[in-house]
Amino acid sequence: MRVQSSATAPATIAVDARPSRATGTLLAALGVVAFSLTFPATAWGLEGFGPWSLVAVRSVLAALIAGACLLALRVPLPDRRHRAGLAVVAAGVVVGFPLLTTLALQTSTTAHAAVVVGLLPLTTALFSALRMGTRPSRTFWTAALAGAAAVIAFTVQQSGGALTTADLYLFAALLVCAAGYTEGGRLAGAMPGWQVIGWALVLCLPLTLPAAVVALSHEPVHLTFHSVSGLLYVAAGSQFLGLVVWYRGMATIGIPKASQLQLAQPLLTLVWSVLLLGEHLTVAAPLTAAAVLVCIAVTQRARG
C-alpha cells in the first residue's frame, strides 16, 4: 500500500497545484507563440523533406522526447477512461492537423495559411460548447465572431475570393485540431497537460514509426540547415513543448478564453513569415492586427 501511495502522489500533486489565472494566461500565450512559428518552420522543413516524411518524422521525434520524459518520471499508464479522449487528441493534434496543414503549405504561402487557421479560436470555442456544455457570455461570442469575421475578410481579400485545394485542407485542419484541443483541454483537468500530449504522441508511435520508414523510402531527402532546423522545431517546439504549456494554460483559464488568445497567432505568423521567409504583406495586415487585438481584449474581460 505504501508503494502504491508514493507512486500516485506526484500525479495528484501535479493536478491539484494549479497555477493562478495570470500564470495560466501566460502559459497559454507561450503556447500561442510556439504555434505561431509552426508554419514558417514547416515551410523550412519542406525544403528538404516530402510532406509525408516531414509529418511522420516530426511525430516520431516528438514521441521519443515525450516517451523519455514519461519513463524518466515513471508516469503510470493513463486510466482506461481517458484513453478514448487521448485517441481524439492523437487523431486531431498529432496526425490530422500537421498532415493537413503540411499538404496545404505545398501550394499556399504561410501568410495565407495563417489567416485561414485564424478561425481556430472560434472553432475551438464551438467544439467546447458542444462537448463540455460551456456557455460563454453574449459579449464573449460577439467579440469572438467579430475576430473571426476580421480573419475571414482578410483571407478573402488575400485569395481574391476563390477557394483553393489548400484552403480545403486548412478548413479540414481547423475541425480536427479544434476537436483535439477541446478534448485535450478537458483531459488536462484530470492529468498534467504535458502527460496529455505525451501519451497522445506515444499512442501514435505504432502508426507514425512505420509511416516514417515508408515515407522516407519514397520521398527524396535533402538535408540543409533550414530543413533540419524546421524539422527539429516542429517536433520539439510545436508538437511537444508548445502543447505542454498550451494544455496547462487551457486547464487553468478555460478552453473558450484560452482559444481566443490564438487570435494573435496568425498575426505573429505573419511577422515570422516576413522575417524568416521574406514574404511580403499587404496594407490589410496591420488593420486586421488592430481589430483582432481589440477582440482578444474583449474576450479576455468577458465573463464566461
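Positions are given from 1 along the sequence.
- Side-chain N or O atoms of S227 include one that pairs as donor or acceptor with a backbone N or O of T224 at under 3.5 Å.
- Put simply, the side chain of T208 gets close to the backbone of C204: a donor and an acceptor are under 3.5 Å apart.
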Verify side chain to side chain contact (heavy atoms under 4.5 Å, CB included) between L241 and V245, making sure each step is shown before the conclusion.
CA-CA 7 Å; L241 296 177; V245 294; over 6 Å; no

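- Criterion: ILVMFWY side-chain heavy atoms under 4.5 Å apart, direct or through other members. Under it, V32 and L37 are part of a common hydrophobic cluster.
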Does the pair T139 and T142 meet the rule for a side-chain hydrogen bond (donor to acceptor under 3.5 Å, both in side chains), with working shown?
CA-CA 5 Å; T139 302; T142 300; over 6 Å; no

From CA spacing to verdict: side chain to side chain contact (heavy atoms under 4.5 Å, CB included), M191, H82
CA-CA 10 Å; M191 67 177 74; H82 296 319; 3.6 Å; yes

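- Atom CH2 of W52 sits in a sparse spot, with 12 or fewer heavy atoms from other residues, nucleotides or ligands closer than 6.0 Å.
- Formation of a donor-acceptor pair under 3.5 Å by the S128 side chain with backbone atoms of T124 is not found in this model.
- Q239 contributes a side-chain N or O that, together with a main-chain N or O of V93, makes up a donor-acceptor pair within less than 3.5 Å.
- The same ILVMFWY cluster, assembled from side-chain heavy atoms under 4.5 Å apart, contains both L119 and V292.
- Of the possible donor and acceptor atoms, one in the side chain of S217 sits under 3.5 Å from a partner among the backbone N and O of V214.
- Counting only distance, with no hydrogens or angles, the side chain of S108 and the backbone of L105 share no donor-acceptor pair below 3.5 Å.
- V60 and I197 fall into different hydrophobic clusters, where Ile, Leu, Val, Met, Phe, Trp and Tyr side chains are chained together by heavy-atom contacts under 4.5 Å.
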Taking it one step at a time, do S53 and E219 satisfy side-chain hydrogen bond (donor to acceptor under 3.5 Å, both in side chains)?
CA-CA 7 Å; S53 298; E219 293 179 334; 2.7 Å; yes

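- Between the side chain of R58 and the backbone N or O of L232, no donor-acceptor pair lies under 3.5 Å.
- Aromatic ring centres of Y233 and W44 lie farther apart than the 6.0 Å criterion allows.
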Please test L268 against F35 for side chain to side chain contact (heavy atoms under 4.5 Å, CB included), starting from the C-alpha separation and ending with a verdict.
CA-CA 9 Å; L268 291 172; F35 299 153; over 6 Å; no

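- For the atom pair L201 CG and L61 CG, the distance stands at 10.5 Å (nearest 0.5 Å).
- When hydrophobic clusters are built by joining Ile, Leu, Val, Met, Phe, Trp and Tyr residues whose side-chain heavy atoms come closer than 4.5 Å, directly or via intermediates, L187 is grouped together with L77.
- Other residues, nucleotides and ligands contribute at most 12 non-hydrogen atoms within 6.0 Å of the OH atom of Y169.
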Test side chain to side chain contact (heavy atoms under 4.5 Å, CB included) on C177 and L120 and set out the steps.
CA-CA 8 Å; C177 189; L120 184 56; 3.9 Å; yes

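- At a cut-off of 3.5 Å, with distance as the only test, a side-chain donor of E279 or T110 sits close to an acceptor on the other residue.
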